Amino acid sequence: MKKTLIYTDGACSGNPGPGGWAARILFSDGRIKEIGGAEQETTNNRMELVAAIESLKLIQDIKCLDPITLVTDSEYLLKGITEWIISWKRRGWKTAAKKPVLNQDLWIQLEKLNTTQINWEYTRGHAGDPNNERCDHIAQSLSRGEKINLETH
């Protein structure tokens with residue numbers, strides 16, 4: 001079965017501090033598109049969320065009909081969107097400790113983009129997965145304000 005793979009990562013120099021995010025999209029037809037961005041004052045978790053949001057927006061904009069596997073090295077992102085969000089919403093966007101959910105604005109955006117077409121997977125960071133390593137390199141570079149060539153073909 002054809003499927004599109006999305007790898008995402010976020011990085012932050014200091015937490016909070018300057019951050020970067022990246023996504024590497026491997027389309028079922030062999031095309032590859034990398035995207036990324038930076039923010040001056042953010043957190044690593046926000047950058048992880050932004051990477052997923054921006055990659056899914058791109059997929060939606062181009063009307064990709066393939067099943068999608070989004071691969072992340074962030075347990076926060078994975079568990080947040082597949083498990084925790086249900087309880088957060090039921091409790092009025094409060095954690096089990098009755099504190100406001102951090103990054104609620106981004107969780108709401110991500111939930112709107114999350115469809116049954118998307119399968120969420122975890123990969124261990126810095127464990128040799130070339131697509132994850134590439135996203136990490138892009139996100140780290142952007143967090144430091146460095147120019148980086150993003151692959152598109």
Side-chain angles (χ1 to χ4, degrees), residues 1-86 88 101-153:
M1 175 189 276
K2 289 182 165 189
K3 73 177 173 182
T4 294
L5 291 169
I6 302 172
Y7 287 81
T8 65
D9 203 5
C12 201
S13 300
N15 205 14
W21 62 269
R24 182 173 168 84
I25 304 166
L26 307 161
F27 293 96
S28 62
D29 64 5
R31 289 178 298 132
I32 296 173
K33 179 156 185 74
E34 294 177 339
I35 59 174
E39 291 185 20
Q40 287 295 2
E41 186 72 11
T42 191
T43 64
N44 187 68
N45 284 342
R46 285 190 71 81
M47 292 293 87
E48 296 283 359
L49 283 159
V50 169
I53 289 165
E54 293 302 324
S55 61
L56 292 175
K57 279 183 185 175
L58 185 140
I59 289 294
Q60 188 178 65
D61 288 349
I62 64 169
K63 298 177 179 27
C64 177
L65 301 176
D66 292 343
I68 295 162
T69 297
L70 193 145
V71 183
T72 178
D73 63 5
S74 169
E75 289 188 50
Y76 172 73
L77 173 60
L78 179 70
K79 289 182 178 178
I81 196 63
T82 62
E83 298 173 30
W84 303 336
I85 198 165
I86 298 160
W88 291 337
V101 171
L102 296 177
N103 305 311
Q104 178 184 341
D105 59 327
L106 297 177
W107 287 115
I108 290 169
Q109 287 182 57
L110 185 58
E111 183 188 31
K112 288 178 183 172
L113 295 164
N114 188 25
T115 68
T116 56
Q117 176 187 5
I118 302 164
N119 178 49
W120 294 82
E121 287 186 8
Y122 176 79
T123 188
R124 183 177 298 282
H126 311 288
D129 180 322
N131 292 304
N132 177 258
E133 298 290 339
R134 175 65 179 160
C135 283
D136 179 68
H137 175 70
I138 295 167
Q140 292 285 343
S141 297
L142 292 171
S143 77
R144 293 188 298 265
E146 298 170 5
K147 297 274 187 212
I148 188 159
N149 291 326
L150 299 176
E151 190 176 337
T152 300
H153 63 80

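Keep in mind it's a predicted model, so treat the numbers as computed, not measured. FYI, the numbering just counts along the sequence from 1.
Side-chain atoms of Trp120 and Ile81, non-hydrogen and from C-beta on, do get closer than 4.5 Å to each other. Between Cys12 and Thr42 the shortest side-chain heavy-atom distance falls below 4.5 Å. By the 4.5 Å heavy-atom criterion applied to side chains, Phe27 and Ile62 are counted as neighbours. Residues Arg24 and Ile6 fail the side-chain proximity criterion, which asks for heavy atoms closer than 4.5 Å. Counting heavy atoms from C-beta on, the side chains of Gln60 and Thr115 never come closer than 4.5 Å. When side chains are defined from C-beta on, His126 counts as touching Glu133, because their heavy atoms get closer than 4.5 Å. No side-chain heavy atom of Lys147 sits under 4.5 Å from any side-chain heavy atom of Leu142. Within the 4.5 Å cutoff, side-chain heavy atoms of Asn131 are placed close to those of Leu26.
Counted by atom type alone, Asp66 and Ser28 present one or more donor-acceptor pairs between their side chains at under 3.5 Å. For Asn119 and Glu121, the side-chain atoms include at least one donor-acceptor pair closer than 3.5 Å. Between the side chains of Tyr76 and Asn103, at least one donor-acceptor pair of N or O atoms lies under 3.5 Å.
Note: Leu58 CG to Lys33 NZ = 6.0 Å, rounded to the nearest 0.5 Å. Rounded to the nearest 0.5 angstrom, Trp21 CH2 and Leu49 CG are separated by 12.5 Å. Atom CG of Asn45 and atom CG of Leu106 lie 10.5 Å apart (nearest 0.5 Å). Within the model, atoms CE of Met47 and OG of Ser74 stand 12.0 Å from one another, a figure rounded to the nearest 0.5 Å. For the atom pair CH2 (Trp88) and CG (Leu102), the distance works out to 8.5 Å, reported to the nearest 0.5 Å. Distance check, rounded to the nearest 0.5 Å: CG of Leu110 to CD of Glu54 gives 11.0 Å.
Gln117 places a side-chain N or O within donor-acceptor distance of the main-chain N or O of Cys64, the cut-off being under 3.5 Å.
Counting heavy-atom neighbours within 6.0 Å of Glu83 CD, excluding the residue itself, gives a total above 12. Under a cut-off of 6.0 angstrom, the local environment of CG in Asp29 is crowded, with over 12 non-hydrogen atoms contributed by other residues, nucleotides or ligands.
When all heavy atoms of Pro16 and Thr43 are compared, the pair lying nearest together is CB-CG2, 4.2 Å. Smallest separation of non-hydrogen atoms from Ala51 and Ala23: O-CB, 4.2 Å. Closest approach of Ser143 to Pro18, counting heavy atoms only: O-CB, 3.4 Å. Nearest heavy atoms, Ile53 versus Leu113: O-CD1, 3.5 Å.
Between Leu70 and the options Leu56, Leu5, Ile25, a side chain to side chain contact (heavy atoms under 4.5 Å, CB included) holds for only Leu56. A side chain to side chain donor-acceptor pair (under 3.5 Å) with Asn132 is found for one member of Asp73, Thr72, Thr8 and no other, namely Asp73.
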- Task: List the steps and the verdict of salt bridge (Lys or Arg N to Asp or Glu O under 4.0 Å) for Arg134 and Glu34.
- Result: CA-CA 10 Å; Arg134 175 65 179 160; Glu34 294 177 339; 2.8 Å; yes
- Task: Might you work through the side chain to side chain contact (heavy atoms under 4.5 Å, CB included) test for Glu111 and Ile85, ending with a clear yes or no?
- Result: CA-CA 8 Å; Glu111 183 188 31; Ile85 198 165; 3.8 Å; yes
